[in-house]
Asks: 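Okay, handing you the structure first.
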Amino acid sequence: MSRVLIVGAGLTGSLCACLLRRELQSKVHIVVWDKSRGAGGRMSTSRSPDPSSHPADLGAQYISATPAYAQSHQRYHTPEHTTPNYHHTPEHVTVNHNTPEHITRNYHHCTRRGASWEVKRKVGESETFDAVVLTMPVPQILQLEGDVGPLLSVQQKQQLDGVAYSSRFALALFFPPDAVFSFPWGARYVSESDCIRYIAVDPRKCRSDPAGRGPSMVVHTSVPFGVEHLEEDKEEVKPVILQELYKLLPDLPQPISIKCHKWRYSQVLTTVPDCPGHMTVLNQPPLVCGGDAFTHSNFDGCVESALSLLGALKSSL
């Protein structure tokens, strides 16, 4: 049985793990590492500390599909596929999470050891794998210690250096069950603010019944605002966003809880040239990179990359 490590439990890594499990079944043991506490990456859902409030989608604003993708990726747009769940196959898929205090810029060390890879987190023992798949943002790939950087060709390094991301802050506001909003919409884009670009009321946006729970609201800042404040602490930026929000919605009730998140790598602005789907750094033992930076920055871009990674791994394992 081949041991495969997937670094990054976002959409590309999650779908790649599910596809590998289905295609190769008992031939592989899949381990997924992610620096967050749960899977989802930039499609993460945040829950209120108070269970009386509805969860909030702090990541992707929505999923859209062109007619061609709606047909070719139909199986992945159904609800049971858009949220991969590893607990259905515990004997072959293991998910390991780093607690927040373990997150650093270079939190993985990847070294070739003959026909395998020795991979080590900042905290914990090293582990050996037959193949490694890197699906985190490209800047984090380039920061890895060990043999990844030296194995990249000059062309590959130039291509990865050219990848660019937008940055923004996201705010989740959780309200009590008796909260009432004076506006009728579920989501809107904001053009009259330099700070805020998007506001959504999650129960309305999802057309879901909160079942006695209070509503939640998600606020995304503009990219210029995100870039301007990128190196500031998110708790210092939070009151600036709140002040602007109450200018836009002066009748907004007071929330019972607020969470601010900094998306340093929000959306891919410049991808790897020609959108290959994945990049093979080494054929044996396999070391491949994937993610929307190798296709295009949306749901279907991640699906395309996961399918591309599957093809590369099936021919190598």
Side-chain angles (χ1 to χ4, degrees), residues 9-11 14 36-65 76-85 166-193 195-223 225-226 234-235 237-263 265-267 297-300 302:
L11 181 55
S14 299
S36 300
R37 292 184 177 180
R42 286 168 286 169
M43 293 186 69
S44 65
T45 297
S46 182
R47 288 169 174 77
S48 170
D50 189 322
S52 65
S53 293
H54 195 276
D57 293 328
L58 271 178
Q61 297 169 358
Y62 51 82
I63 295 174
S64 59
Y76 306 113
H77 283 265
T78 56
E80 62 266 28
H81 286 96
T82 54
T83 309
N85 190 331
S166 64
S167 302
R168 57 169 50 86
F169 289 83
L171 211 64
L173 292 83
F174 302 98
F175 295 88
D178 59 355
V180 178
F181 296 155
S182 60
F183 48 86
W185 43 265
R188 62 172 286 212
Y189 277 92
V190 179
S191 59
E192 64 270 28
S193 171
C195 171
I196 294 174
R197 188 61 68 239
Y198 173 79
I199 306 173
V201 179
D202 267 8
R204 293 180 183 177
K205 182 189 74 172
C206 301
R207 298 179 183 177
S208 64
D209 182 2
R213 291 184 292 177
S216 63
M217 174 178 285
V218 173
V219 179
H220 286 192
T221 68
S222 67
V223 171
F225 179 90
K234 62 184 181 181
E235 293 304 314
V237 178
K238 181 168 71 174
V240 179
I241 304 172
L242 282 172
Q243 183 179 20
E244 183 67 15
L245 177 63
Y246 277 93
K247 286 182 182 178
L248 296 170
L249 302 173
D251 297 330
L252 189 68
Q254 288 296 315
I256 55 177
S257 180
I258 302 172
K259 179 179 180 179
C260 185
H261 186 85
K262 181 193 298 185
W263 290 109
Y265 307 113
S266 177
Q267 289 179 286
S297 187
N298 60 16
F299 178 90
D300 287 290
C302 294

Asks: Looking at OG of S297 and CD of Q267, how far apart are the two atoms once the value is rounded to the nearest 0.5 Å?
Replies: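 Going from the OG atom of S297 to the CD atom of Q267 covers 5.0 Å.
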Asks: What's the spacing between H220 NE2 and I241 CD1 if we round to 0.5 Å?
Replies: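 The distance works out to 10.5 Å.
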Asks: Do F174 and S216 have side-chain heavy atoms sitting under 4.5 Å apart?
Replies: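 A side-chain contact under 4.5 Å exists here.
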Asks: Any chance you could measure F225, atom CZ, to S193, atom OG, to the nearest 0.5 Å?
Replies: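 Output value for this atom pair is 8.5 Å.
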Asks: What is the distance from atom NE2 of H54 to atom CZ of R213, rounded to the nearest 0.5 Å?
Replies: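 Between H54 NE2 and R213 CZ, I get 5.5 Å after rounding to 0.5 Å.
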Asks: Determine the minimum heavy-atom distance between R168 and S222, stating which atoms define it.
Replies: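 So the minimum-distance heavy-atom pair works out to CB-O, 4.3 Å.
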Asks: Say whether D50 and S48, considering side chains only, have a donor N or O and an acceptor N or O under 3.5 Å apart.
Replies: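 Side-chain D/A pair, D50 to S48: absent.
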Asks: Any donor and acceptor pair, going by atom type alone, linking the side chain of W263 with main-chain N or O of L58 inside 3.5 Å?
Replies: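 Yes: the side chain of W263 pairs with the backbone of L58.
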Asks: Can you give me the closest heavy-atom contact between P253 and Y246, atom names plus distance?
Replies: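 So the two residues come closest at O-OH, 2.9 Å.
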Asks: Could you go through the side-chain contact (heavy atoms from CB on, under 4.5 Å) check for F181 and R204 one step at a time?
Replies: CA-CA 11 Å; F181 296 155; R204 293 180 183 177; 3.7 Å; yes
Asks: Is there a side-chain contact (heavy atoms from CB on, under 4.5 Å) between L252 and M217 once you walk through the steps?
Replies: CA-CA 10 Å; L252 189 68; M217 174 178 285; 3.6 Å; yes
Asks: To the nearest 0.5 Å, what is the distance between CD1 on I258 and CZ on F175?
Replies: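 One finds 8.0 Å between CD1 of I258 and CZ of F175.
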Asks: Hey, is CZ on R42 packed in by over 12 heavy atoms from elsewhere, all under 6.0 Å?
Replies: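 Atom CZ in R42 is packed in, count exceeds 12.
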Asks: Run I199 and L245 through side-chain contact (heavy atoms from CB on, under 4.5 Å) and show every step you take.
Replies: CA-CA 9 Å; I199 306 173; L245 177 63; 3.9 Å; yes
Asks: Distance from S167 atom OG to Y265 atom OH, nearest 0.5 Å?
Replies: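 Rounded to the nearest 0.5 Å, the OG-OH separation comes to 8.0 Å.
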Asks: So, the side chain of D202 versus the backbone of D57: is there a donor-acceptor pair under 3.5 Å, distance only?
Replies: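 Yes; judged by distance alone, with no hydrogens or angles, the pair exists.
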Asks: Is the backbone of T221 close enough, under 3.5 Å, to the side chain of R197 for a donor and an acceptor to pair up by distance?
Replies: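 Judged by distance alone, no pair lies under 3.5 Å.
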Asks: Please give me the minimum heavy-atom distance between S53 and P176, naming the atom from each residue.
Replies: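 Closest approach of S53 to P176: OG-N, 4.4 Å.
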